[in-house]
Engineer: 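Take a look at the following structure, please.
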Amino acid sequence: MKKVLQDLNFQELETLVLSLGEKKFRAKQLLEGLTQGKAISGITSLSKAFKERLLEEFEDQPVRIKETFYSLDGTEKYLFELSDGNLIEGVLMKYKYGYTQCVSTQVGCRMGCAFCASTLGGLVRNLTAGEILSQILIVNALHKEDALGDGAQKRAVTNVVLMGSGEPLDNYDETVKFLRLVTSGDGLGISARNVSLSTCGIVPKMYRLADEGIPLNLTVSLHATDDETRARVMPVAKAYSIAEILKACEYYFQKTGRRYYFEYTLIEGENCDEEHAQALVELLKGKPCHVNLIRLNEVKERDLKSMGEKEAYRFLGRLEKGGLSATLRRQIGVDVGGACGQLRASYLQQNEQ
Ligand code: SAH
């Protein structure tokens with residue numbers, strides 16, 4: 001595999017351009033083209049010779065859309081192909097205020113959560129910062145006619161969530177590099193406040209992230225109110241307790257002043273009875289946090305059941321009555337395999353048969 005040019009920030013591009021004997025201002029043209037989602041070969045402001053020189057070392061376009069699936073509710077699901085043939089997936093959700101894109105940070109995942117399709121084949125490899133970024137660059141370019149805002153701030157993708165395949169904090173350095181690239185005013189310039197990073201709770205990395213000074217929305221996948229239940233669905237719970245996670249969240253709040261979020265997937269018979277609602281209230285009451293409830297998107301390889309919508313609203317009501325700030329996520333994109341890893345898993349299966 002050749003290198004990924006989208007891994008480089010503006011200063012690194014300047015150094016590269018100068019080392020190749022080009023004028024410094026070419027770095028700006030290069031970054032402009034890449035930010036517009038163009039392949040190297042498609043950047044018209046650069047000379048053919050310079051582009052050929054770049055292509056000796058770098059991938060022309062490190063991420064390509066292999067297939068797009070359109071949900072009836074407007075959600076788009078993409079199967080992306082990387083230069084080495086690996087597949088990842090992403091989702092674009094359309095809201096009135098803009099488009100939210102869900103990106104993957106790894107090919108596969110090694111966290112082993114019982115309800116999640118991403119982890120079915122284990123971890124294949126980490127994505128580079130530029131591969132994570134490129135998912136957004138090409139989707140943003142695809143929808144450029146829907147861009148909002150003015151001038152440099154004009155873009156279709158206004159919000160980013162790191163909730164696709166992979167555990168972002170298990171690919172820490174590239175994820176943080178990506179966060180700096182995507183929020184940089186030299187590039188897409190998406191505000192860190194519009195970026196959410198979801199983790200299964202790798203505690204030491206949560207502390208490190210708090211110290212990076214990137215004011216993003218930190219989300220922890222909780223899914224249980226006690227360590228024993230949590231370990232049944234999330235093996236990572238054997239390494240880090242809920243108490244340790246809450247302490248790290250508190251540290252994040254103190255460092256950044258940002259409230260934090262919890263994802264709580266409702267799994268029938270496992271974590272969504274009245275007693276669980278009560279326990280969740282006890283655990284989180286008074287904390288500067290918000291709970292996002294998600295109804296399980298059933299994965300056919302996994303024997304776990306989703307909760308009915310009415311019951312899910314009753315669970316939400318109990319949390320609210322207990323004083324928690326909480327919402328039940330609308331289920332969208334279900335008809336296009338919206339949950340993590342479902343699309344890649346089904347694609348890999350079809351092609352094995
Ligand atoms: N590894 C990170 C981010 C990827 S998962 C994490 O664990 O947070 C993003 C969110 O989707 C997590 O809250 C995860 O628990 C949830 N999720 C995964 N598979 C799901 C499914 N089948 N149904 C509902 N939510 C799911």
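Hydrogens, waters and symmetry mates are skipped; everything else that's a heavy atom, side chains included, is used. The first residue of the sequence shown is numbered 1, and numbering continues consecutively from there. Order of listing sets the numbers, starting from 1, for every ligand and every atom in it.
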Engineer: Evaluating non-hydrogen atoms only, which member of R329, M163, E167 is closest to atom 1 (N) of ligand 1?
Structural biologist: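 Of the listed residues, E167 has the closest heavy atom.
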Engineer: Determine, using ring centers only, whether Y78 and F80 are less than 6.0 Å apart.
Structural biologist: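 When the ring centroids of F80 and Y78 are compared, they turn out to be within the sub-6.0 Å range.
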Engineer: Can you check which of F262, F115, Y261, Y264 brings a heavy atom nearest to atom 18 (C) of ligand 1?
Structural biologist: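 Considering heavy atoms of F262, F115, Y261, Y264, the nearest to atom 18 (C) of ligand 1 sits in F115.
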Engineer: Can you name the one residue among L284, V291, L328 that meets side-chain contact (heavy atoms from CB on, under 4.5 Å) with L319?
Structural biologist: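 Per the side-chain contact (heavy atoms from CB on, under 4.5 Å) rule, the option paired with L319 is V291, out of L284, V291, L328.
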Engineer: Just one of E282, E274, E275 clears the salt bridge (charged side-chain N to carboxylate O under 4.0 Å, His left out) bar with R318, so which one?
Structural biologist: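 Considering E282, E274, E275, a salt bridge (charged side-chain N to carboxylate O under 4.0 Å, His left out) with R318 is found only for E274.
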Engineer: Should you measure from each heavy atom of E263, which atoms of ligand 1 turn up under 4.0 Å away?
Structural biologist: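 In order of number, 13 (O).
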Engineer: Could you tell me, atom by atom, which parts of ligand 1 come under 4.0 Å of a heavy atom of L296?
Structural biologist: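 It comes down to these atoms of ligand 1: 21 (C), 22 (N), 23 (N), 24 (C).
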Engineer: Could you tell me whether R314 and E309 make a salt bridge, using a distance below 4.0 angstrom between a side-chain N and a carboxylate O?
Structural biologist: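 Result for this pair is no, no salt bridge flagged.
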Engineer: Report, in ascending order of atom number, the atoms of ligand 1 lying under 4.0 Å from any heavy atom of C200.
Structural biologist: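 In order of number, 6 (C), 7 (O), 8 (O).
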Engineer: Measure up the F315 and Y264 rings against each other and bin them: parallel (under 30°), tilted (30 to 60°), perpendicular (over 60°).
Structural biologist: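 Taking Y264 first and then F315, their aromatic rings lie parallel (interplane angle under 30°).
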Engineer: Any N or O of G166 that comes nearer than 3.5 Å to an N or O of ligand 1?
Structural biologist: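 G166 vs ligand 1: N/O contact under 3.5 Å present.
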Engineer: Between Y260 and F262, what is the ring plane arrangement, given parallel below 30°, perpendicular above 60°, and tilted in between?
Structural biologist: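 If you compare the ring of Y260 with that of F262, the planes turn out perpendicular.
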Engineer: What part of N297, side chain from CB on, backbone N/CA/C/O, both or neither, has a heavy atom under 4.0 Å from ligand 1?
Structural biologist: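 It is both parts that get close, each with some atom under 4.0 Å.
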Engineer: Hey, is ligand 1 close enough to P168 that some N/O pair sits below 3.5 Å?
Structural biologist: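 P168 vs ligand 1: no N/O contact under 3.5 Å.
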Engineer: Under 4.0 Å from a heavy atom of H223: give me the atoms of ligand 1 that qualify, with their elements.
Structural biologist: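 Matching atoms, with element in brackets: 13 (O), 14 (C), 15 (O).
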Engineer: With only distance considered, is E298 within less than 3.5 Å of ligand 1 through an N or O on each side?
Structural biologist: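 So ligand 1 has no N or O lying under 3.5 Å from an N or O of E298.
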Engineer: Hey, would you say the Y99 and H143 ring centroids sit under 6.0 Å apart?
Structural biologist: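 That pair passes the under 6.0 Å test.
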Engineer: Counting only nitrogen or oxygen atoms and a 3.5 angstrom limit, does R295 reach ligand 1?
Structural biologist: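 It does not: no N or O of R295 is found under 3.5 Å from an N or O of ligand 1.
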Engineer: Below 4.0 angstrom from a heavy atom of V299, which ligand 1 atoms are there? Numbered from 1 as shown, please.
Structural biologist: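 In order of numbering, the contacting atoms are 22 (N).
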Engineer: What do you reckon, are the aromatic ring centroids of F115 and H223 less than 6.0 Å apart?
Structural biologist: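 Distance test on ring centres: under 6.0 Å, yes.
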Engineer: How does V220 reach ligand 1, if at all, at less than 4.0 Å between non-hydrogen atoms: by side chain, backbone, both, or neither?
Structural biologist: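 Neither part.
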Engineer: Which atoms of ligand 1 are found less than 4.0 Å from any heavy atom of G164?
Structural biologist: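 Result: 4 (C).
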Engineer: Between E212 and R180, does any side-chain N to carboxylate O distance fall below 4.0 Å?
Structural biologist: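 So E212 pairs with R180 through a salt bridge.
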